[in-house]
Amino acid sequence: MNRRNFIQLLGVGAGATILSSTLIGCGGEPHVELFGWSGPAATLKDIRLKVLSYAILAPNPHNKQPWIVKLVGPSSFALYVDPNRLLPATDPYYRQVHIGQGTFLEIASIAASALGYKANIHYFPEGQYGNKALANKPVALLELTEAPNVKPDPLFDHLLNRHSNKRSYDRTSLSPNEEQLLQTFHQKTSDAELVFKSSAQDQTQLTGFLTEAMAIETGNKARDEETIAMFRVNQAEVEKYRDGFGVAQAGMSGVKKIVAETFFLSREKLEKNPAGFGEQAVDITHAAAESTATFAWLTTKSNQRIDQIKIGRDYCRINLQTTAMGLAQHPMSQILQEYDDMLPLQKSFKEGYGIVPNDTVQMLFRLGRAKPTTHSPRRTLDSIISV
Ligand SMILES: Cc1cc2nc3c(=O)[nH]c(=O)nc-3n(C[C@H](O)[C@H](O)[C@H](O)COP(=O)(O)O)c2cc1C
């Protein structure tokens, strides 16, 4: 199969595998397989473990799952960044890794509410560290208190279906009502600016920016290798590592997936030819952006660790709300990355859209309509708990 055919195949990937599930009634009935997620087993007596079993479903960069949890006292846990699960080439200041801590806390808080608990979150209980540094200090202490009258967050019903949908969309934009609904929803809990871009001109311009950003990102061996290391070439790798992502998350399934994984993808080929992987990534990015009619981003005035954690919470809530609305959502972060080669293009993007130079665009994502895709895997709960 040549590269073009492979890209075409990705663009027209068949529908996602639909599995019946025993998870019905806890966090919404999943439409797609949740590999590696065993749910809040009835045997889990500790409320913290129940909450954490949902939190690991949080969106996070490259599906690294960069979390360490220390159980503290009878009803609290401290969350730390896992220093062995960073992305130094593409996320040199760990900004995205910190956004992925916020997503985790948000899901924990939503799950707690549905289980009859209030989650009191104390950010950086041992002090915040600089936004280019990483310290061995917790990003948050989460304390669970029983609150039988707590109102379950309605987003709980969408925890098992939320995912990052990387397949091609159907080229329709969100309606003004959908954008308004999301804006109102977002502003209820956040001061961060949420911007939508849905004009034909934005579509062309953003497709150009995002494709060029991927070309820059993949023009470097260390960055390519970092991404290839998280790309799962077949089910055996998914089962072995239980992290990362593969063609299934771009919508490929059934026979096409088997054909691609058998004849086209192999770890050896990828590692021998990272530039080839990069070229495919550029084509896939172009096809994804080109199939999308609505883009959005979240911007903050300051860029401290706390801002990054809070934007993770906001982003996660938006992703759950779009899931509730039957919409697909997918971050496209390359243009936001902070290594030197990306900065000139990032500057043009910000100037082109009148974004204040000192503001930080924390998340950029596309929105639209597409069939769901297979969930990315998750490691076991005990692998994130440190004793
Ligand atoms: C901070 C952040 C940045 C991300 N950037 C990208 C990206 O540039 N491209 C992409 O395909 N997915 C991106 N994602 C989505 C992750 O790949 C996805 O959350 C992860 O694989 C887990 O999958 P799930 O969201 O479907 O559960 C990003 C997620 C986060 C939280």
Side-chain angles (χ1 to χ4, degrees), residues 58-64 66-67 79 81 86-107 109 121 123-124 128-134 139-140 162 164 179 182-183 185-197 202 206 209-210 213-214 216-217 289 292 294-322 329-340 342-343 345-367:
N60 67 95
H62 275 13
N63 199 20
K64 268 281 186 185
W67 310 301
L79 176 67
V81 170
L86 305 174
L87 295 160
T90 54
D91 182 29
Y93 305 129
Y94 328 121
R95 184 184 60 84
Q96 296 180 64
V97 159
H98 282 81
I99 293 176
Q101 308 298 311
T103 57
F104 186 96
L105 291 169
E106 183 58 30
I107 294 197
S109 164
I121 297 179
Y123 296 113
F124 297 100
Q128 201 176 167
Y129 40 86
N131 70 357
K132 293 195 170 167
L134 184 63
V139 300
R162 183 217 60 78
S164 304
E179 287 188 10
L182 279 171
Q183 190 63 264
F185 168 83
H186 167 70
Q187 286 175 3
K188 268 196 238 161
T189 54
S190 175
D191 295 333
E193 192 184 9
L194 171 64
V195 172
F196 294 102
K197 292 289 170 194
D202 292 324
L206 285 164
F209 273 130
L210 298 173
M214 185 57 96
I216 293 170
E217 171 129 333
T292 303
T294 298
F295 295 83
W297 54 79
L298 282 164
T299 308
T300 55
K301 288 278 162 212
S302 66
N303 184 31
Q304 301 303 306
R305 291 301 186 208
I306 183 77
D307 302 305
Q308 299 164 3
I309 305 280
K310 286 185 174 168
I311 217 72
R313 298 191 68 172
D314 295 343
Y315 175 78
C316 190
R317 290 188 71 78
I318 293 170
N319 198 177
L320 288 162
Q321 180 60 26
T322 55
Q329 181 168 327
H330 173 207
M332 298 182 88
S333 304
Q334 288 66 42
I335 202 161
L336 312 182
Q337 285 145 196
E338 290 129 315
Y339 47 80
D340 286 350
M342 191 59 77
L343 300 182
L345 184 68
Q346 192 180 104
K347 187 162 178 271
S348 307
F349 157 69
K350 287 174 82 172
E351 279 170 4
Y353 279 100
I355 299 167
V356 179
N358 284 337
D359 286 4
T360 303
V361 182
Q362 299 280 5
M363 288 299 289
L364 187 154
F365 46 102
R366 61 190 184 109
L367 293 164

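Sequence positions, counted from 1, serve as the residue numbers for this chain. Note that the structure is a prediction, hence the values are computed from the model and not measured.
With sequence neighbours excluded, the residues satisfying side chain to side chain donor-acceptor pair (under 3.5 Å) with E179 are S198. Annotation: side chain to side chain contact (heavy atoms under 4.5 Å, CB included) contacts of T360 (sequence neighbours excluded): R95, T300, N303, Q362. Residues meeting the ring-ring contact (aromatic ring centres under 6.0 Å, His included) test with W67, sequence neighbours left out: F104. Remark: R366 pairs with no residue by the salt bridge (charged side-chain N to carboxylate O under 4.0 Å, His left out) rule, at least two apart or across chains. Partners of S190 according to the side chain to side chain donor-acceptor pair (under 3.5 Å) rule, which considers only residues two or more places apart in sequence or in another chain, are D314. Legend: residues meeting side chain to side chain donor-acceptor pair (under 3.5 Å) with T103, ordered by chain and number and at least two apart, are absent. The side chain to side chain contact (heavy atoms under 4.5 Å, CB included) check on F185 picks up L155, R317, Q321, with sequence neighbours excluded. Residues passing the side chain to side chain contact (heavy atoms under 4.5 Å, CB included) test with A89, sequence neighbours excluded: A222, R223, E226. Taking Q304 as the reference, nothing meets the side chain to side chain donor-acceptor pair (under 3.5 Å) condition, with sequence neighbours excluded. Scanning for ring-ring contact (aromatic ring centres under 6.0 Å, His included) contacts around F365 gives Y315, with sequence neighbours left out. Contacts of F124 classified as side chain to side chain contact (heavy atoms under 4.5 Å, CB included), with partners at least two apart in sequence or in another chain: Q128, Y129, V139, R305, I306, I309. For the ring-ring contact (aromatic ring centres under 6.0 Å, His included) test, residues two or more places apart in sequence or in another chain that qualify with F209 are F349.
Residues A58 and I107 approach most closely at CA-CD1, 3.6 Å, considering heavy atoms.
Checked by atom type, the side-chain pair Q346/Q337 shows no donor-acceptor distance below 3.5 Å.
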